[in-house]
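Written below as structure tokens is the structure these notes are about.
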Amino acid sequence: METYNVTCSTDSKYTQHCMAMLCSLFDTNRNNHFHIHLLHHLLPEEHMNLIKGLCERYGEEITFYDINEEKLGNVIINHEHLSISTYYRLLLPSLLKEDIHRILYLDCDVLVCRDISGLFRLDMDDYGVAAVCDYSPYLDFQRRIVGIGLEDKMFCAGVMLINMDYWRKNDCQAGMLDFICRTGENLLMEDQDVLNHEFRRHWLQLPYKYGKSTMSVAVLNDRQRDFDIQEYVEKPVIYHFASVKPWLDIKIPESKYYWKYVRLSGFPNPVEEKATAERKRYVKILKARYYINFYIRPFIPNLIEIILIDIADILLLFYHLLFCRSKFKMYHVRRWLRKYNY
């Protein structure tokens, strides 16, 4: 049986989520064999034993790599839910043996729900990574930092099939570390900006089913076929909880999958994290939009839908003016004015 190499990064705060992700991979790919390459720094021995026990239970291999963080230089973390561990994967060429040609990187906030072996058979000779298209860039400043054009897209770094041969041949590790040294304090999305800069003309776009977003019905992209949309909706391969984490004390439709694999993984005493009041309001809006799009929108004529959307936008504008913090008020006002060409 062929062995598929998979890598992920974690720290002690994310062990619970890492085990849920790995358990989902093993449980939905019982006909595949994996070698997990886990990147960490001073992960407690009890946590390593928990992860090792999970791998042994499914008959999978695992190798732990304790990262020397000094090699990364002075990296900047802008998002409070991230840590320096998100940068560890940039060091893969100096960590892995040269007989590893392809490796799949998975964030700890993803769940695998179908066979992923087909990814490893992609033709990637001219590409450094294969990944799902992201919603970024969010600002022209970010576009200029990454070095992409007006029509170019960025990829999401949460799920990446990595062509290690390309990384070694083009000395990508040195290129990315040099980029961090030169522009580190200007990075908006940490290592995702670094990776997009390095592979801005050498990444292969994966179907959106390899990164289904939380509470999303379908991704609209004119390059998709009907079957792409159908597979995204009905047969996603990977769930990616980038916007709303399933371990928060906010119930979302996909939370049940996360807690299923946490329990199945054997992680002791799993913790449900408390979300801020502002975060809860945001999720309530997302949930309302999701249920309307999924259950009501298909039955509403287009003209009525346009009128309802305009009314909802006006109500949201007033909500933001009354309840949002002052620094966000003008942002939402300008956004509304731009939409209606004022």
Side-chain angles (χ1 to χ4, degrees), residues 2 4 6 21 24-32 34 102-107 109-137 148 151-163 192 196 199-244 246 252-258 260-261 286-287 289-302 305-306 309:
E2 185 176 357
Y4 300 111
V6 175
M21 179 273 289
S24 73
L25 172 68
F26 301 155
D27 195 60
T28 57
N29 284 264
R30 290 179 178 266
N31 293 325
N32 298 322
F34 297 103
R102 301 277 181 90
I103 191 165
L104 177 65
Y105 173 85
L106 297 174
D107 264 348
D109 62 351
V110 310
L111 293 176
V112 180
C113 45
R114 293 185 188 278
D115 184 2
I116 52 88
S117 61
L119 279 176
F120 291 86
R121 293 189 285 272
L122 289 173
D123 181 2
M124 289 184 63
D125 287 348
D126 297 323
Y127 302 104
V129 299
V132 174
C133 191
D134 194 55
Y135 295 108
S136 54
I148 59 175
E151 300 296 324
D152 295 331
K153 301 291 186 180
M154 292 177 63
F155 60 84
C156 175
V159 176
M160 297 188 303
L161 182 65
I162 297 173
N163 182 352
Q192 180 160 301
N196 271 276
F199 303 109
R200 58 195 181 278
R201 296 180 185 88
H202 297 279
W203 68 279
L204 177 66
Q205 183 174 347
L206 294 176
Y208 289 100
K209 66 180 179 179
Y210 288 103
K212 191 175 194 303
S213 301
T214 309
M215 292 183 290
S216 63
V217 178
V219 178
L220 299 180
N221 184 315
D222 58 9
R223 287 183 290 177
Q224 290 189 107
R225 306 296 188 199
D226 288 343
F227 65 80
D228 287 313
I229 298 174
Q230 184 178 0
E231 289 179 345
Y232 179 87
V233 175
E234 299 177 2
K235 298 178 179 179
V237 179
I238 295 174
Y239 281 105
H240 188 190
F241 298 94
S243 56
V244 182
I252 59 175
E254 297 90 350
S255 291
K256 58 186 178 183
Y257 303 119
Y258 170 78
K260 168 189 173 181
Y261 287 115
L286 283 185
K287 286 174 71 174
R289 184 182 299 167
Y290 168 74
Y291 287 124
I292 290 171
N293 283 335
F294 197 84
Y295 293 107
I296 299 175
R297 189 175 180 181
F299 304 101
I300 299 177
N302 288 344
E305 180 183 343
I306 292 171
I309 289 174

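- A search for ring-ring contact (aromatic ring centres under 6.0 Å, His included) contacts involving F227 returns nothing, not counting sequence neighbours.
- Between D107 and M21, the shortest heavy-atom distance links the atoms O-CG, 3.6 Å.
- Taking the side chain to side chain donor-acceptor pair (under 3.5 Å) definition, one finds that R223 meets it with Q205, sequence neighbours left out.
- For V110 against G158, the heavy-atom pair with the smallest separation is CG1-O, 4.3 Å.
- The neighbour count for K287 NZ, taken as heavy atoms of other residues, nucleotides or ligands under 6.0 Å away, is above 12.
- Atom CG in L119 sits 12.5 Å away from atom CE in M160 (nearest 0.5 Å).
- In this structure a side-chain-to-backbone donor-acceptor pair under 3.5 Å is missing from Q192 to C156.
- From I148, atom CD1 reaches atom OG of S136 across 7.5 Å, with rounding to the nearest 0.5 Å.
- Listed here is the closest heavy atom pair of P236 and C113: O-SG, 3.0 Å.
- Looking only at side-chain heavy atoms (C-beta outward), L25 and N32 stay at 4.5 Å or farther from each other.
- Contact between P246 and I252 at its shortest, heavy atoms only, is CA-CD1, 4.4 Å.
- Applying the ring-ring contact (aromatic ring centres under 6.0 Å, His included) rule to F155 yields the partners W203; only residues at least two apart in sequence or on another chain are considered.
- Identified under the salt bridge (Lys or Arg N to Asp or Glu O under 4.0 Å) test for residues 109-125, with sequence neighbours left out: D109-K245.
- The two atoms that bring S216 and Y232 nearest to each other are OG-OH, 2.5 Å, heavy atoms only.
- Residues Y4 and S117 approach most closely at OH-CB, 3.5 Å, considering heavy atoms.
- Rounding to the nearest 0.5 angstrom, the gap separating the OG1 atom in T28 from the CG atom in L111 is 9.0 Å.
- Within the structure, the salt bridge (Lys or Arg N to Asp or Glu O under 4.0 Å) test picks out the following pairs touching residues 200-217 (sequence neighbours left out): K209-E231.
- Residues Y257 and Y239 bring their aromatic ring centres within 6.0 Å.
- Here the CG atom belonging to N163 is positioned 11.5 Å from the OH atom belonging to Y127, to the nearest 0.5 angstrom.
- Using a 4.5 Å cut-off on side-chain heavy atoms (C-beta onward), D134 and N196 make no contact.
- Counting only heavy atoms from C-beta outward, the side chains of V132 and V159 never approach each other to under 4.5 Å.
- The salt bridge (Lys or Arg N to Asp or Glu O under 4.0 Å) pairs that include a residue from residues 232-244 number zero, where partners must be two or more places apart or lie in different chains.
- Here I116 contributes atom CD1 and I238 contributes atom CD1; the two are 7.0 Å apart, rounded to the nearest 0.5 Å.
- Distance check, rounded to the nearest 0.5 Å: CE of M154 to CZ of F199 gives 13.0 Å.
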Would D228 and Y208 satisfy side-chain contact (heavy atoms from CB on, under 4.5 Å), going step by step from the backbone distance to the final call? CA-CA 8 Å; D228 287 313; Y208 289 100; over 6 Å; no
